[in-house]
Student: 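First the structure, which I've put down as structure tokens, then a few questions once you've had a look.
Below, chains carry the letters A, B, ... as their sequence lines are ordered, and counting in each starts from 1. All values reported here derive from a predicted model rather than from experimental measurement.
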Amino acid sequence: MSQYWLLKSEPKTFSIDDLAASPRQTTCWEGVRNYQARNFLCAMKRGDQAFFYHSNADPPAIVGVVEVVKASYPDHYAFDSNSRYYDSKSTPEASRWFMVDVKYVRKFTADLTLSALRSVSELHEMELLRKGSRLSVQPVRVHEWKAILRLARNAS
DNA sequence: GCCAACGTTGGC
DNA sequence: GCCAACGTTGGC
């Protein structure tokens, strides 16, 4: 049974267009340094799908869909002291942080902005819309997933 | 650029 | 174990 997720990225750092332009349209999702988000990353399975969300963007929006093509494995950026994601407490023997690989599936014809999503009644309990929510990896309920896909279809 | 909300750190 | 201080996230 595949599950649904939402992944945040700042488009200035890495946008959905960057993903589409990546080799094999695939990238590793490195740099998650929050335990709750890490736990969700570790729960992801190959074949799960996720929304790609542009945070710190103008406007912030869900912009498309990606698929998990490799389940979680140690985030080796944490082992590299030259990386901005370095964490001396994480080692190859006992990794504290993990990442998955995701592949581009599609970009919506029209971005689904945060403010537009807030007006959809089916999404009122969505984690993304909770006040103060900062989770960069979060689960999406099936009915939320469907409602958002319907919005994307109707917006096109 | 501002600032509220949140998570982490570290003194006690 | 409490909590103040600090750093980060991310909408506005």
Student: Taking side-chain hydrogen bond (donor to acceptor under 3.5 Å, both in side chains) as the definition, give me every residue that meets it alongside A:Ser133, ordered by chain and number, with sequence neighbours left out.
Tutor: A:Glu127
Student: Establish, yes or no, whether a centroid distance under 6.0 Å links the rings of A:Trp29 and A:Phe52.
Tutor: yes
Student: Summarise how protein sits on nucleotides 5-12 of chain C as a single string, 5' to 3': B when a protein heavy atom is under 4.0 Å from the base, S for sugar-phosphate-only contact, - for no contact.
Tutor: --BBBBBS
Student: When you check the side-chain N and O atoms of A:Tyr85 and A:Asp80, is any donor under 3.5 Å from an acceptor?
Tutor: no
Student: Applying ring-ring contact (aromatic ring centres under 6.0 Å, His included), name anything that partners A:Tyr4, two or more places apart in sequence or on another chain.
Tutor: A:Trp145
Student: If only side-chain N and O atoms count, and only distance matters, is there a donor-acceptor pair under 3.5 Å linking A:Arg84 with A:Tyr77?
Tutor: no
